[in-house]
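To start, the structure under review is shown below, and the notes come after it.
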Amino acid sequence: MLTTTPYLTTRRPSPTTAEFTLTTCPPLTLPLRAALFGVLCLRFIAVLSVIIGIYSAFFHPSGLLPPPIFPSGRITLLDFDLNNFLLHMLHLLYVSSPGQSLAHLAVSLPPYAVLALSGITAYIALFARIHTTESLLVLRGLGIQMSSNVGGGYFRLGGGTYMKRTRFIPTEKIQDILINEAFKGFEVRYYLVIVVEGEEDVVVCFPRLLPRRKIVEKVWRGARGCLYEKDGPVMSAGAGGGSTHNGNWRGGNEKG
């Protein structure tokens, strides 16, 4: 429900511009948005658990309840301070029933175990990806821009991204766009590559997702047509038989 097999969407704002987007994020229906919100809540709870566990094990190992930051239990505008407010919220979480259960567990474990569990939990909560989106933007006369986004619904319930890598290759550096093939285990995989002048290795398009051959051929025809043809994309180009380049593999887990 949260993810799907990679599928291609194409935008052609003009005959000289084409964008090919490959993503594992399904259409953002209401159930999917609700599921992404649930994942976001679980990530938030995991981060709070890490904070309480470290606080209990290293800053308050006695297990006794610390005195409240605001003895009255109420925060007024006169004594409001951001640091004290955050400490007060931490105190409320710590003295709660789930917080005390987590604190007792953290105190009973060795410090190295608390650090290891906290590090693993924080890494999963902050960096575990749900969706991957890769795009190829072709601009005739300018070049090709490749983008790779990894997202998990952090900033909005539309699959917001929190890791993005972008590379632009100018037209004068592009020698050719080819379909190459390699072995992945016992399977032959086809992938799109760009031969760049002055670089020993070819540049692999969609290196994370490595789409199916039909998608690779569609992007190859559209990219070459948009980049080189004067009258727009050529949709009758061949499938790339013989259009291979013996460059080194960059991306994926291919075994040559």
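If you read the sequence from its start, that first residue is 1, and numbering goes on from there. Values below: every heavy atom of this structure, side chains too, minus hydrogens, waters and symmetry copies.
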Does the side chain to side chain contact (heavy atoms under 4.5 Å, CB included) test come out yes or no for Val47 and Val50, once each step is laid out?
CA-CA 5 Å; Val47 172; Val50 169; 5.7 Å; no

Gap separating the [atom1] atom of [X] from the [atom2] atom of [Y], nearest 0.5 angstrom:
| X | Y | atom1 | atom2 | result |
| --- | --- | --- | --- | --- |
| Asp176 | Arg224 | CG | CZ | 4.5 Å |
| Glu217 | Ile179 | CD | CD1 | 5.0 Å |
| Leu40 | Arg43 | CG | CZ | 8.0 Å |
| Thr16 | Leu142 | OG1 | CG | 8.5 Å |
| Phe20 | Leu22 | CZ | CG | 12.0 Å |
| Ile52 | Ser118 | CD1 | OG | 11.0 Å |

- Message: Atom CZ of residue position Phe168 - does it have more than 12 heavy atoms of other residues, nucleotides or ligands inside 6.0 Å?
- Response: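 Correct, the count exceeds 12.
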
Inset, instruction - Dump the intermediate steps for side chain to side chain contact (heavy atoms under 4.5 Å, CB included) on Leu36 and His131, then the final yes or no. - result: CA-CA 11 Å; Leu36 289 175; His131 305 137; 3.8 Å; yes

Quick one: closest heavy-atom pair of [X] and [Y], and the distance?
| X | Y | value |
| --- | --- | --- |
| Val204 | Met146 | O-SD, 4.3 Å |
| Glu172 | Glu197 | O-OE1, 3.3 Å |
| Thr4 | Cys25 | CG2-C, 4.2 Å |
| Gly53 | Ala106 | O-CB, 3.6 Å |
| Thr166 | Ser147 | OG1-OG, 3.6 Å |

Membership question, hydrophobic clusters at under 4.5 Å side-chain separation (ILVMFWY): are [Y] and [X] in the same one?
| X | Y | answer |
| --- | --- | --- |
| Leu117 | Leu102 | yes |
| Leu126 | Leu48 | yes |
| Leu42 | Ile51 | no |
| Tyr55 | Ile45 | no |
| Ile215 | Val188 | yes |

Hey, are the side chains of [X] and [Y] touching, using non-hydrogen atoms and a 4.5 Å cut-off?
| X | Y | value |
| --- | --- | --- |
| Ile144 | Leu136 | yes |
| Val193 | Ile177 | no |
| Ile194 | Cys205 | yes |
| Thr132 | Asn149 | no |
| Pro6 | Pro211 | no |
| Thr9 | Tyr7 | yes |
| Val39 | Ile130 | yes |

Just checking, is any N or O donor in the side chain of Arg208 or Ser148 under 3.5 Å from an acceptor N or O on the other one?
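Distance-only check passes for Arg208 and Ser148.
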
| request: Please determine, by modelled atom types, if Thr23 and Thr133 share a side-chain donor-acceptor pair under 3.5 angstrom. | output: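 Present: a donor and an acceptor within the cut-off.
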
Between the side chain of [X] and the main-chain N/O of [Y], is any donor-acceptor distance below 3.5 Å?
| X | Y | result |
| --- | --- | --- |
| Tyr228 | Arg140 | no |
| Arg189 | Leu210 | yes |
| Thr17 | Pro13 | no |
| Ser96 | Leu93 | yes |
| Gln100 | Tyr94 | yes |
| Trp220 | Leu192 | no |

- Give the C-alpha distance, both sets of side-chain angles, the deciding distance and a yes or no for side chain to side chain contact (heavy atoms under 4.5 Å, CB included) between Leu139 and Leu227. CA-CA 7 Å; Leu139 303 168; Leu227 193 63; over 6 Å; no

Tyr191 and Phe206: aromatic ring centres closer than 6.0 Å?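 Distance test on ring centres: not under 6.0 Å, no.
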
Check step by step if salt bridge (Lys or Arg N to Asp or Glu O under 4.0 Å) holds for Arg167 and Glu134. CA-CA 12 Å; Arg167 181 182 179 183; Glu134 295 182 300; over 6 Å; no

Tell me whether Arg212 is salt-bridged to Glu187, with the criterion being a basic N under 4.0 Å from an acidic carboxylate O.
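Glu187 and Arg212: not salt-bridged.
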
How far apart are the C-alpha atoms of Leu8 and Thr21, what are their side-chain angles, what is the distance that settles it, and do they pass the side chain to side chain contact (heavy atoms under 4.5 Å, CB included) test? CA-CA 6 Å; Leu8 178 69; Thr21 302; 5.7 Å; no

